[in-house]
Amino acid sequence: MAQIAKVIVDVPTMQTNSPYSYLVPDQLAQAIQVGMRVVVPFGNGNRKVQGFVVELAVASHFEKQLKSVESLMDLEPVLTKELIALSGWLADETFSFQITCLLTMLPNVMRAKYSKQIRIADSELTPTELAQILPEDSWNDFTPEQLTPSQQNALTRLRRQNKIEIVYQVKNQAQTKRIFQVQSLITLADEEKILAKVRKNAVKMQQLVHYLATHPESINQTALEKKLAISVATIKSGEAKGWLKRKQVEQYRDPYKETHTRTQPLHLNEEQQAALNQVTAAIHSSKAQTFLLEGVTGSGKTEVYLQAIADALAHKKTALMLVPEIALTPQMVTRVKGRFGKQVAVLHSGLSDGEKFDEWRRIKRHEAQVVVGARSAVFAPIENIGVIIIDEEHETSYKQDDAPRYHARNVAQWRCMFHHCPLVLGSATPSLESRARSEKQVYRLLRLTHRINGQPLPQVKIVDMRQELQKNGSQNFSPALSDAIEQRLQLGQQSILMLNRRGFSSFIMCRDCGFVLKCPNCDISLTLHMDSHSMKCHYCGHEEAIPKVCPNCKSHKIRYYGTGTEKVEQELQEKFPEARILRMDVDTTRRKGAHERILQKFGSGDADILLGTQMIAKGLDFPNVTLVGVLNADTALELPDFRSSERTFQLLTQVSGRAGRADKLGEVFIQTFNPDHYAIQLAKTQNYENFFRKEMYIRHQGKYPPYYFTLQITAAHKEENLAAQKMFAVLDELRPQLSQNAIILGPTPKPIARVKNKYYYQIVIKYKNEPGLHGAVTKILQESQKNYQKGIQLAIDAEPQSFM
DNA sequence: AGCACGCCGACT
DNA sequence: GTCGGCGTGCTC
């Protein structure tokens, strides 16, 4: 009986979102396995596409003649059965395609590159004629995107006339790094004999011979080059003379080469021990229990995680720990690597594709038992999991905002069910969803209420900027904050200043007519960038020159407005000329490793003030920091989003925790125009529990999560009314499927209605129990495929992070 | 996605 | 009359 492979092909559409059957040719029958990538012919022209084998069977329900698998792309499966099952569930859950989910789970290099080759199939067509259409140097390798429409048409015509043949290629990008090792073939006894044959002035050759004679062990080729200051040519000629052998060996690109000093488990206090005991009990009894570890900043959550991981390892199991991208600082990596050494694999966006691939392979080959990583690390190919930990579980970065729109927490829960292991969600300020679930006993609540070392929480002072505005006019630094900074400078202590959001940025406004320079493609104002001396759009990347006169009224009084980190940095430097300031924002951290370098510099005391955006609020631990200033606490509050209070509270609580962690008492200044807002007042005392009660009441009143589930449907189109029409059509179709209890908001234009020249309209459904909703939405999505060619894009986001 | 089939307008 | 525009449907 012929073998049949069920393959998910790399064609991301709704119509092709199920496995296709292919015959397995005899020569592949032994090697093919579920989870491998294959190349299969697909569609009318039999173009080659990448696919994933999700099942091997002996029969297919497909009536017509099956095509055959072309080739295998892997020697062993890249996906486990668990991950294949997970991809199917995830596709359904997030209203996305299974192929999109599969590709999301794997390192980028597993994504095939497609290209085409052209061959003359009819002697009537001369190469010169063809070269007029397409230059000869790209005959062997071109992609449709690089062709102009007229080239495209000409080639299509020739192909229909059978004058040319198009050969499709699927290129595997997954390359292992290979280095040369040099192995000596001579011994000490040979040295004299060989040296006699080497010319007297060939100093390098003599050195090489001497080295080889005295070093029988093999050495990295580049290391040898450095050591003897010789070139590859010398080594190669040594090889030709038979003195040495060069061989290629595979090498991991290890992003964390430096060895970490090993640390020992710390002594736990009573609360930590009690929390740990509950988690380890679940590990031992293989129970898929979710825990919520709520602990004030500095209460030692990380130590509980580390000891839970140690316990899993002691029971011959593995562990997965997720950390927000931004908190995946060298500090955190050092802590985990320090405890578990080479058993740790790290996955985050700062790594190159090659480095990620290598870390991934270390996990796949069971060379790493502990995985630490950002959101997508939740798909790490780790087996036999003993515990999954999600640190700072309230972080919005755990939700992916493009397809598949998954939340790492839900994926982790699925994997915990699969592996029968506990999930630990940790935070000082849990998301309301998680905290509410622990209230209902769905999660088990573990609380850490004491800071280790018993240090007091920093003193938080709220500065009313309304009064400051009246007294001193508009400014970024209140006298209270300025004095505090001055004091730290004199004491030689460090300060962290946070400017909320990159968005509170400098835009340009005409003082005469009020004209604001906006992006021609998007509905937002352009931001001034001093580093490139230009105006940029944060949404589409549009860039233009800084205007000298107002384009509207020709006035010269067109000025900067608002505050960006660059402007604050300038102002700060003027105020404190002697201060050494480090700025950390999207612009200064774009380059690889820049993030680490800035923190390293600050940590080693090379700067007095660290000025930055949200990214400085998370997970940093610098003992010499005794002052934290939040320049504008309000910007997040003013956003039209039901989570804005929660975000503000979390951010302020978190950034306050950066002050005075060691033996020195910390001080925090929060500048705000809303000093009486409950999110700000409660952040002052770091009273999460009170904030939770208050915010839950407000969510209840407004019928928002966690009392209601939410689903957002968005339509996008170049023409505003088509996007709107589509949303009204969706609404008409959906409404009969919903009960009276469901609440529908919209259709409305999104708060930023136009991005990249497309208009966005959305509806949001708030519901408690709508069994028909999932099916109805899936159906709408399937039908909308037909409209896709007309340029209408429909996006569905279950539990969106914001309605904006 | 990409390719073929099929039905309408402006050209040799 | 045909060439080629792109709307529609299918891909094991």
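Protein chains get the first letters and strands the later ones, always in sequence-line order, with residue 1 at the start of each.
- Within residues 23-49 of chain A, the residues approaching DNA chain B are A/Asn44, A/Arg47, by heavy-atom distance under 4.0 Å.
- In this structure the side chain of A/Leu794 reaches within 4.5 angstrom of the side chain of A/Ile713, judged on heavy atoms.
- The aromatic ring centres of A/His717 and A/Tyr761 sit 6.0 Å or more apart.
- Taking only side-chain atoms of A/Phe62, from C-beta outward, the nucleotide of C/dT11, C/dC12, B/dC3 with the closest atom is C/dC12.
- Residue-nucleotide stacking is not present for A/Tyr20 and C/dC12, judged by a side-chain ring centre under 5.5 Å from the six-membered base ring centre and planes under 30° apart.
- We find that CD of A/Gln50 is positioned 17 Å from P of C/dC12, with the value rounded to whole Å.
- With sequence neighbours excluded, the residues forming a side chain to side chain donor-acceptor pair (under 3.5 Å) with A/Gln169 are A/Ser115, listed by chain and number.
- Distance, A/Tyr114 OH to B/dC3 P: 13 Å, rounded to whole Å.
- Considering only side-chain N and O atoms, A/Lys116 lies under 4.0 angstrom from the phosphate OP1 or OP2 of B/dC3.
- In this structure, A/His407 and A/Tyr398 have side chains that are in contact, with non-hydrogen atoms separated by less than 4.5 Å.
- Relative ring orientation between A/Phe709 and A/Tyr767 is described as tilted, the plane-to-plane angle lying within the 30° to 60° band.
- Taking atom CG on A/Leu155 and atom P on B/dG2, their separation rounds to 14 Å, with Å as the unit.
- Every stem involving DNA chain C, taken as at least 3 paired positions in a row under the Watson-Crick or G-U wobble test at 3.5 Å, is listed here: B:1-11 with C:1-11.
- Counting only residues at least two apart or in different chains, salt bridge (charged side-chain N to carboxylate O under 4.0 Å, His left out) contacts with residues 82-106 of chain A comprise A/Glu82-A/Arg415.
- Distance from the side chain of A/Arg159 is smallest for B/dA4 among the nucleotides C/dC12, B/dA1, B/dA4.
- Screening residues 97-116 of chain A for salt bridge (charged side-chain N to carboxylate O under 4.0 Å, His left out), with sequence neighbours left out, gives no hits.
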- prompt: Stepwise, does the side-chain contact (heavy atoms from CB on, under 4.5 Å) test hold for A/Lys171 with A/Asp141?
  reply: CA-CA 11 Å; A/Lys171 271 190 265 178; A/Asp141 193 359; 3.1 Å; yes
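- As rounded to whole Å, 14 Å separates atom P of C/dC10 from atom CD of A/Gln782.
- Residue pairs meeting the side chain to side chain donor-acceptor pair (under 3.5 Å) criterion with at least one member in residues 20-29 of chain A, sequence neighbours excluded, are A/Ser21-A/Ser60.
- Between A/Lys64 and C/dT11 there is a side-chain polar atom (N or O) within less than 4.0 angstrom of OP1 or OP2.
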